[in-house]
Number of protein chains: 2
Amino acid sequence: MTGLTFNSWQAIQDEVMRRIHARVWPPGTVIPNEADLALEFGCARATVNRALRALAEMGILERRRKAGTRVALHPVSRATLDIPVIRQEITERGQSYGYQRLSCAILRPPAEIARTLWINPASDALHVSALHLSETRPFVIEDRWINLTTAPAAAAQDFETLSANEWLVVTIPYTHGSIRFTAAAATAQEAELLCTTPGAPVFVVERLTWDHERTVTLARLCYGPGYSITTGIGTPS
Amino acid sequence: MTGLTFNSWQAIQDEVMRRIHARVWPPGTVIPNEADLALEFGCARATVNRALRALAEMGILERRRKAGTRVALHPVSRATLDIPVIRQEITERGQSYGYQRLSCAILRPPAEIARTLWINPASDALHVSALHLSETRPFVIEDRWINLTTAPAAAAQDFETLSANEWLVVTIPYTHGSIRFTAAAATAQEAELLCTTPGAPVFVVERLTWDHERTVTLARLCYGPGYSITTGIGTPS
DNA sequence: GAGTGGTCTAGACCACGGT
DNA sequence: CCGTGGTCTAGACCACTCG
């Protein structure tokens, strides 16, 4: 046991991964604390911390003060999705982008929308629907409600040529939000807009964004047949 | 300009975000280097580094040696998805888990599968299909090909009671992979297994995993109607 | 070539949370 | 209480890459 020294946090990360794979530290094991590992690896504690923190962010380790660091029991694949602005999503494929506003009006939202946006059901909100095109072919339908309490400036926009999608990202910042992915059957209207048949499977993305304690907007993106999202996954156990 | 001091990396992160939102540093701006910011904020450079690195991981900043740090031009929402083992996905909802193997055989794979798995089209691979149930109701169809060169031990398994999904995660580690989400129309066979009608929209997840330079397995998960994936998104511009 | 981020160190203090 | 991870510091060297 001469104890080779690992002086880069990447090397330490690899060594920890090796021990997990080799079942030296099976799932559930509490591994030595940072100070001991630093001693064993012949490096500073901060270096060990860097390596272990990265593994914890990947979901491979679970860390708690005083309780120590343990190998996660249920390995999960953690994927990070980049969700770009729609224009970019299209132009990055080397295709031309087109935009067509369908409607824009200040309306009393349906009860469910009002509830999701946390606004008074008796007050108005801005509704915008639009079609985004890729090379003259319909790509995605955007159906959006905007909370006018949070984004009053939106009322002055007609979104005729600039999509609400892009206007919002450069105008109303948001702090957090949630995203939901589903498969749904195209309604008659959606089918017509997307040049497909009613009932055809469409990929639906629903996004709700918040600025601190206030909701900003609820968007439903309805992608035509053949659409897919791809991403890479990291390095779990 | 007394220059208040920010001594936590979170505080620095917030301040940088504030300047981006306030258009002090509009998209595309090259912001001051770490040393200067450390001076301004009255903290160590490592602390500034921690804050900026975190923002770069979120996609808000782009950093390159010598070129410096700039505010990202195209703000993207970066979402991290946790993809658990199927059993866990069901039991976490407080429902009971059921498993039913449909088939398991060593076969000559279709050309496209062989190509995706990077195996000789003339050699065999292990094919397993199974149904995962939630509370006695069909939840997802698993259709999987396993590369026997990478995972020869799989040939000895019959996957009668233990799903390939779970056997693999505890037996064959993987270093990376890719994942794809789509909406598709249920085939006749899928519809029958999922107790729905042919052509109904199903949510499809395709996963390909690698161990270093070798492919491990290609899985197609076909989720029944009503299934959705939800996650949170961070704090972009 | 030189400026910038990337990283490591040795030491210190703090905050959380099991015992 | 007191051990563990979380973080900060001041300084140093390195690696990448733009000009």
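Whole-Å rounding puts the B:Leu39 CG to D:dA10 C1' distance at 13 Å. With rounding to whole Å, A:Lys66 atom NZ is found 13 Å from D:dC1 atom P. Nucleotide D:dG3 holds its C1' atom 11 Å from the CG atom of A:Asp36, rounded to whole Å. Atom pair B:Phe41:CZ and D:dT7:P shows a separation of 18 Å (rounding to whole Å applied). One atom, CD of A:Glu62, and another, C1' of D:dT4, lie 16 Å apart when rounded to the nearest Å. The interatomic distance linking A:Phe6 (CZ) with C:dT7 (P) rounds to 18 Å, in whole Å. Taking atom CD on B:Glu57 and atom P on C:dG6, their separation rounds to 10 Å, with Å as the unit. Per the geometry, CZ belonging to A:Arg53 stands 9 Å off C1' belonging to D:dT7, to the nearest Å.
Once rounded to the nearest 0.5 Å, the distance linking OG1 of A:Thr47 with CG of A:Asn7 reads 8.5 Å.
Taking 3.5 Å as the limit, the base of C:dT4 and the side chain of B:Arg45 contain no donor-acceptor pair of atoms between them.
Note on ring orientation: taking the six-membered ring where Trp is involved, the planes of A:Phe139 and A:Tyr223 are perpendicular (angle over 60°, cut-offs 30° and 60°).
Nucleic acid contact class of A:Arg50 (heavy atoms, under 4.0 Å, all strands): sugar-phosphate only. Looking at heavy-atom distances under 4.0 Å, A:Asn7 makes contact with sugar-phosphate atoms alone, never a base.
A close approach under 4.0 Å does occur between a side-chain nitrogen or oxygen of B:Arg63 and OP1 or OP2 of C:dG6. In terms of phosphate contacts, B:Thr47 brings no side-chain nitrogen or oxygen within less than 4.0 Å of OP1 or OP2 of D:dT7. For the OP1/OP2 pair of C:dT7 and a distance below 4.0 Å, the side-chain nitrogens and oxygens of A:Ser8 include no atom meeting the criterion.
Distance from the side chain of B:Arg65 is smallest for D:dA15 among the nucleotides D:dG6, C:dT9, D:dA15. Candidate nucleotides C:dC8, D:dT7, D:dC18 were compared by shortest atom distance to the side chain of A:Asn49, and D:dT7 ranks first. Out of D:dG6, D:dT9, D:dC8, the shortest distance to the side chain of B:Ala46 is found at D:dT9.
The pair B:Glu40-B:Arg19 meets the salt-bridge criterion, with a side-chain N (NZ, NE, NH1 or NH2) lying under 4.0 Å from an Asp/Glu carboxylate O. The existence of a salt bridge linking B:Arg144 and B:Glu206 is excluded, since no basic side-chain nitrogen approaches an acidic carboxylate oxygen closer than 4.0 Å. Taking 4.0 Å as the cut-off between side-chain N and carboxylate O, B:Glu15 and B:Arg18 count as a salt-bridged pair.
If A:Arg64 and B:Thr69 are placed on DNA chain C by their nearest nucleotide, the residue sitting closer to the 5' end is B:Thr69.
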